[in-house]
Colleague: 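For reference, the structure I am asking about is given below.
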Amino acid sequence: MKNLDLKIIETKTALSKSRIPGIDYTINPYFGCEFGCSYCYADFMTRFSKNYSNFFTNLKWGEFLGVKINIHEKLKEEISRLESKISLFPDKKVKKPNVWLSIVTDPYQPAEKKFMLTRKCLEVLLKFQYPTGILTRSPLVLRDVDLFVEFEDIEVGVSITTDNDDIRKIFEPKAPSIKSRIKTLEGLKQKNIKTFAFIGPILPMDAVNLSREIDGLVDYVLVDRMNYIWKTEKIYRMNSLGFAMRDEYFTAVSEEILKEFSSKGIEVEILF
Ligand code: SF4
C-alpha cells in the first residue's frame, strides 16, 4: 500500500492480559493499522509503545505497520505454559481463558493476506480449543471460515459504523465499504458462525435502515458512541455534520437500534 512504512518485528509476547470486562487475553498480530480510521483510539495508545519509539517516530496513524512475524510461535509457547499450569490441578475444572483478536489493530487488514499471522494464531488457538472472539471490518475474515467451523466456541464481530458509504469515506476512507461488511456478516451466518455487529462509533446514519440491513445476520449487537470527540471534531464541522457529535444524537441512535432489535428478540448492549 502507498504511504505505508512496513517493518518486520520480532515480538517477545503474543498474549496481552486484558482490562476489558469479559475478555481474558488479546492478541494483536500487527502494530498499527492500515485502515487508519480518523477516530481510532489505538492511535494514541501506540505512542507509549516501544515499537513506536524504536521504529516509527513521527509517522501518523495509518502510515506505519509492524508485522509481528513470530507471534504464532510465541503464542504456542505461552499457551503450552498455560496448559501445563492447568494440568497441575487435574481435579479442578479450570476454565480455559478466552482470547480476542484484536483490540488495537484490525486482524484482517490488507497485510494479513500476505503474512497470515491471524490465521496462524487461530490455528494454535484451535489446536488447544481456546474460546476465541474476533472483531474486524474486513471481508478477508471469510478466508478463515474453514477454521471457525472447527472451533467449539467462537464468535466473529464486524464493525459497522453507519449505513451510508459516503459518511464512511469521510471518517474511514481506507476501510472496506459498508456493503462489503454486511456481505461479510451474511457469509459468516451462512456457515452458522455466531456473529455480532459492533455499531461503534456511531457515525451519522439512518439507524432504522442499518438495523434492517443487518437483521437476521447477527446474534447480538453492541453499540458505542464516538469517544474522544476532539480527534474528529474538525471532520464533523468541515462536513456540516456537527449535529451528529452531540450526546443527544448518540442516545437517539442507540435507542432506535435498541427498539428495532428488541422487538425481534436480539440482544443489544449499549456501551455508554
Ligand atoms: S480498523 Fe479498528 S484498529 Fe484499525 S484504524 Fe480502524 S478502528 Fe483503529
Side-chain angles (χ1 to χ4, degrees), residues 1-7 9 16 18-20 23 26-49 51-52 56 59-68 71 99-115 117-118 121 133-144 155-162 164-165 167-185 196-205 222-233 235-236 245 250 271-272:
M1 189 182 267
K2 253 188 180 173
N3 300 328
L4 183 75
D5 186 353
L6 186 148
K7 289 191 168 56
I9 292 174
S16 306
S18 161
R19 280 190 234 140
I20 302 168
I23 297 183
T26 63
I27 301 174
N28 294 289
Y30 301 94
F31 176 76
C33 182
E34 289 177 80
F35 290 145
C37 306
S38 58
Y39 48 76
C40 184
Y41 68 92
D43 175 1
F44 50 84
M45 287 173 68
T46 57
R47 307 286 152 173
F48 304 105
S49 158
N51 278 330
Y52 186 74
F56 302 109
L59 286 176
K60 286 195 199 127
W61 185 248
E63 291 179 351
F64 61 87
L65 192 71
V67 177
K68 300 180 189 172
I71 194 160
V99 181
W100 278 76
L101 292 108
S102 295
I103 298 300
V104 288
T105 190
D106 192 305
Y108 288 100
Q109 61 191 287
E112 170 62 17
K113 207 168 179 183
K114 176 175 174 194
F115 294 103
L117 295 175
T118 295
C121 289
I134 290 171
L135 180 61
T136 181
R137 63 190 64 208
S138 168
L140 183 58
V141 67
L142 291 172
R143 179 198 65 191
D144 292 344
E155 53 190 293
V156 182
V158 176
S159 297
I160 305 182
T161 46
T162 175
N164 183 333
D165 214 48
I167 296 288
R168 191 273 306 163
K169 284 178 193 158
I170 294 172
F171 289 88
E172 38 180 281
K174 291 194 274 179
S177 70
I178 299 301
K179 203 167 163 191
S180 72
R181 299 185 208 182
I182 293 169
K183 276 256 165 232
T184 301
L185 280 172
F196 66 96
F198 179 61
I199 305 180
I202 291 171
L203 295 180
M205 68 167 78
L222 299 175
V223 184
D224 202 4
R225 57 168 289 152
M226 177 72 77
N227 294 300
Y228 320 111
I229 289 273
W230 54 269
K231 278 203 92 205
T232 43
E233 189 169 350
I235 300 177
Y236 278 102
M245 58 180 215
F250 300 127
L271 304 172
F272 61 96

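Starting from 1, each residue takes its place in the sequence as its number. Each ligand, and each atom within it, is numbered from 1 in the order the structure gives. Everything numeric in this text was worked out from a predicted model, so none of it was measured.
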Colleague: Quick check on the 6.0 Å ring-centre criterion: do Tyr236 and Phe171 meet it?
Modeller: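 Ring-ring flag for Tyr236/Phe171: true, centres closer than 6.0 Å.
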Colleague: Please confirm whether the backbone N or O of Thr118 pairs with a side-chain atom of Glu112, one donor and one acceptor, at under 3.5 Å?
Modeller: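 Yes; judged by distance alone, with no hydrogens or angles, the pair exists.
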Colleague: Atoms of ligand 1 less than 4.0 Å from Phe35 heavy atoms?
Modeller: 1 (S)
Colleague: Which is it for Arg137 and ligand 1 at heavy atoms under 4.0 Å: side chain, backbone, both or neither?
Modeller: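 The side chain, only.
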Colleague: Have a look at ligand 1 and work out which part of Asp43, if any, has a heavy atom under 4.0 Å from it: side chain, backbone, both or neither.
Modeller: neither
Colleague: If I take every N, O or S atom of Cys37, is at least one of them less than 2.8 Å from atom 4 (Fe) of ligand 1?
Modeller: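 Checking atom 4 (Fe) of ligand 1 against Cys37, no N, O or S atom falls under 2.8 Å.
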Colleague: Looking only at protein heavy atoms, which one is nearest to atom 4 (Fe) of ligand 1, and what is the separation?
Modeller: Cys33 SG, 2.3 Å
Colleague: So which bit of Trp61 gets within less than 4.0 Å of ligand 1, heavy atoms only: side chain, backbone, both or neither?
Modeller: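 Just the side chain.
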Colleague: Do the side chains of Lys114 and Glu34 get close enough for a salt bridge, i.e. N-O under 4.0 angstrom?
Modeller: no
Colleague: What do you reckon, are the aromatic ring centroids of Trp230 and Phe44 less than 6.0 Å apart?
Modeller: yes
Colleague: Consider ligand 1: state whether an atom of it lies below 4.0 angstrom from any non-hydrogen atom of Gly36.
Modeller: yes
Colleague: Which pair of non-hydrogen atoms, one from Phe56 and one from Asn51, has the smallest distance, and what is that distance?
Modeller: CD1-O, 3.6 Å
Colleague: Which residue holds the protein heavy atom closest to atom 8 (Fe) of ligand 1, what is that atom called, and what is the gap in Å?
Modeller: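 Checked against all protein heavy atoms, atom 8 (Fe) of ligand 1 sits closest to Cys40 SG, 2.3 Å.
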Colleague: With a cut-off of 6.0 Å (strictly less than), are more than 12 heavy atoms of other residues, nucleotides or ligands near NZ of Lys7?
Modeller: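 Yes, the 6.0 Å shell around NZ holds more than 12 heavy atoms from other groups.
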